[in-house]
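Every chain is numbered from 1, with letters handed out A, B, ... down the list of sequences.
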Number of protein chains: 2
Amino acid sequence: MTDVARRSGVSVGTVSNVLHRTAPVSDDTRRRVLQAIDELGYRQNEVARSLRRRATKTLGVVIPDALNPFHATVALQVERRAHRDGFAVLLAETENDPATESDQVRALVGRRVDGVIFPAVTAGSTIPTELLDRGIPVVVVSFEAADPRLGIVHVDEYAAMEQVVAHLVGMGHERIAFAHSGAHEESVDNRPEALAAALRARGLVPVPGDDSPTAFCCTNDVIAMALVDRLERDGTAVPDNVSVVGFDDIPLAAHRRIDLTTVRQPAEEMGRTAAEMLLSAIAAGEHAGRRVLMPAELVVRGSTGPARREA
Amino acid sequence: MTDVARRSGVSVGTVSNVLHRTAPVSDDTRRRVLQAIDELGYRQNEVARSLRRRATKTLGVVIPDALNPFHATVALQVERRAHRDGFAVLLAETENDPATESDQVRALVGRRVDGVIFPAVTAGSTIPTELLDRGIPVVVVSFEAADPRLGIVHVDEYAAMEQVVAHLVGMGHERIAFAHSGAHEESVDNRPEALAAALRARGLVPVPGDDSPTAFCCTNDVIAMALVDRLERDGTAVPDNVSVVGFDDIPLAAHRRIDLTTVRQPAEEMGRTAAEMLLSAIAAGEHAGRRVLMPAELVVRGSTGPARREA
DNA sequence: CTGAAAGCGCTTACAG
DNA sequence: CTGAAAGCGCTTACAG
């Protein structure tokens, strides 16, 4: 910037002014400055700017796993929306590990992100609260949480599971299990509990996955697809021998070869909404503190069918 | 930091020293400082640090589409590896649009990333060169480029396509088409050319996709899976009526329901290697300027079969 | 309309 | 071992 100022014969303050129209600048001066910028290939240093303005125009997105299409979609939409407002996004992966999670969040705090979005969080995590306490707005996507300062974008998982159970019970299923990944700490959501509630309303209870269920409700579509793969490799046909229901409705769920019955969450819209919520909270200098409920609906495809009668 | 210094009765320089062991500090002082940090919940401001050190410890990853598992995997591995070295990663999405691409890269330059990784780049892009000219090291993944300052992690696409064509021709295919997404500008790679070369070596040429090919070679697995879906919805069975070959070997390609014959690229290793290459270039203060060739191999699964004899 | 100066929160020689 | 001071590249009152 000093170079630009020197080359165009003005002060750095004036260069700053032409760059941000914060104060009127004569046309002639503006032209000279712009020309110098062009000749020098000058690109403003955002880190100095961030330091001075005490705002970085960057968001953090903390996801357990970039390979889950639901999370990837949210991250993508956030990035897209943020970019429109001149915000950048720092990607932090947690692998669903609490230690990595807090590590990552600490790094985001150090880098002074203006806000953060969590499409998931490890069970029992107090991380969002810590951020909130530091005055950093946060919005969570696809799950609920208690803190009123939190921005929340979610679907009604109880209503969704009610639809799932109605569908399954209507086809004679009574032995229904919940399936999640055993690989990591679970992230927090109400899906198992929502399933249990819908079953209870019909005098049923969830059965363990190894206790010959006739249907599985999976915590997400990735798990559901892996389950179908495993079942069929073991000779258990889906849906002839057992039905499988996913959650999310990732694009592949509609693939003819996959054809997964699942609960559709509007991932793109959720990501976009979360970004907008966060961005406007940042602009207003306050917490997001709002809750948006999105529609979720059962999409019936070919992975569910009538319960097999016991031999 | 001033607060910490005041509370522990030392100067800010000393606080800096205990934080980074750049100079010896007495045990007693260290203890007091650490305690003050803890009591205050102090977290060092990385942006000030970055400004002063003229290095941000952040990498940019520029991808066309976070939903492509190959790109997501590379991004994830880069993030993981970078995180180990205390680097953060800025995610920039291009949607395969040259304007967005240069926009995003400009933003990365403004934010003074220490280096950038491209798992793909729009055709004809001069972006990497511009970065290189500014002294920013860049490494590209899964394609080739001419600039000797570039770090390159790729596979031998010609050898891979040779295997593909040998497999296909061995099953009687002579009408082979290349399939890519028509949605966006293509990103740059040698796959179409590699296919053509392997065909030419056998006196064949690629046929247009609408000229009743008996086999399709797709630019990646996502396209291949979409193609299978489309073909089968139109009543064309795969592989009975037409064979389909992908590229990448994303995890789903091995799913029993998908079962895609494809060329395996070691995505995780490529991402990790790219990150390491970039990180060590940054540490050394020079360009990556190295080329690593990774193995690619044909994985034969169920989406390819004997060419259907014309009726 | 333009310039000089302070200050954002750090690091890094340099003294002591 | 510790402190004082300069400076990283900006923005923002404040004068003029």
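For the side-chain contact (heavy atoms from CB on, under 4.5 Å) with A:Leu108, the qualifying choice from A:Asp103, A:Val61, A:Val113, A:Leu131 is A:Val113, the only one to do so.
Partners of A:Arg43 under the side-chain contact (heavy atoms from CB on, under 4.5 Å) rule, at least two apart in sequence or in another chain, are B:Arg106, B:Val109, B:Arg112, B:Arg134. Under the rule for a side-chain contact (heavy atoms from CB on, under 4.5 Å), the partners of A:Val12 that lie at least two apart in sequence or sit in another chain are A:Met1, A:Thr2, A:Ala5. Scanning for side chain to side chain donor-acceptor pair (under 3.5 Å) contacts around A:Thr73 gives an empty result, with sequence neighbours left out. With sequence neighbours left out, the side chain to side chain donor-acceptor pair (under 3.5 Å) criterion links B:Ser26 to B:Thr29. Partners of A:Thr129 by side-chain contact (heavy atoms from CB on, under 4.5 Å), not counting sequence neighbours, listed by chain and number: A:Asp133, A:Asp147, A:Arg149. Residues satisfying the side chain to side chain donor-acceptor pair (under 3.5 Å) test with B:Asp248, not counting sequence neighbours, are B:Gln265. In this structure A:Arg272 satisfies the side chain to side chain donor-acceptor pair (under 3.5 Å) test with no other residue, sequence neighbours excluded. Not counting sequence neighbours, the partners of B:Pro69 by the side-chain contact (heavy atoms from CB on, under 4.5 Å) test are B:Val222, B:Ile250.
Take the nearest nucleotide of DNA chain C for B:Asn45 and for A:Thr29: the residue whose nucleotide is more 5' is A:Thr29. Along DNA chain D, the nucleotide nearest to A:Val12 and the one nearest to B:Ala48 differ in position, and the one closer to the 5' end is contacted by B:Ala48.
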Bracket string, DNA chain C, 5' to 3' - pairs by Watson-Crick or G-U geometry under 3.5 Å, | interstrand: |||.||||||||.|||

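Using a 4.0 Å cutoff on non-hydrogen atoms, no part of residues 2-10 of chain A comes near DNA chain D. Of the residues in residues 50-58 of chain B, those placing a heavy atom less than 4.0 Å from an atom of DNA chain C are B:Arg52, B:Arg53, in numerical order.
Note that CD1 of B:Ile37 is 11.5 Å distant from CG of B:Asp3, once rounded to the nearest 0.5 Å.
Residue B:Gln44 is classed as a sugar-phosphate contact, given heavy-atom separations below 4.0 Å to backbone atoms only.
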Derivation and outcome, salt bridge (charged side-chain N to carboxylate O under 4.0 Å, His left out), residues A:Lys57 and A:Glu46: CA-CA 9 Å; A:Lys57 288 209 131 202; A:Glu46 289 297 335; over 6 Å; no

Residue pair A:Arg31, A:Asp27: steps toward the salt bridge (charged side-chain N to carboxylate O under 4.0 Å, His left out) verdict: CA-CA 6 Å; A:Arg31 212 174 354 258; A:Asp27 281 358; 5.7 Å; no

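A salt bridge links B:Arg81 and B:Glu276; the closest N-O separation between the charged side-chain nitrogens and carboxylate oxygens is under 4.0 Å.
A nucleotide of DNA chain C counts as in contact with chain B when one of its atoms lies under 4.0 Å from a heavy atom; the first and last such, 5' to 3', are C:dG9 to C:dT12.
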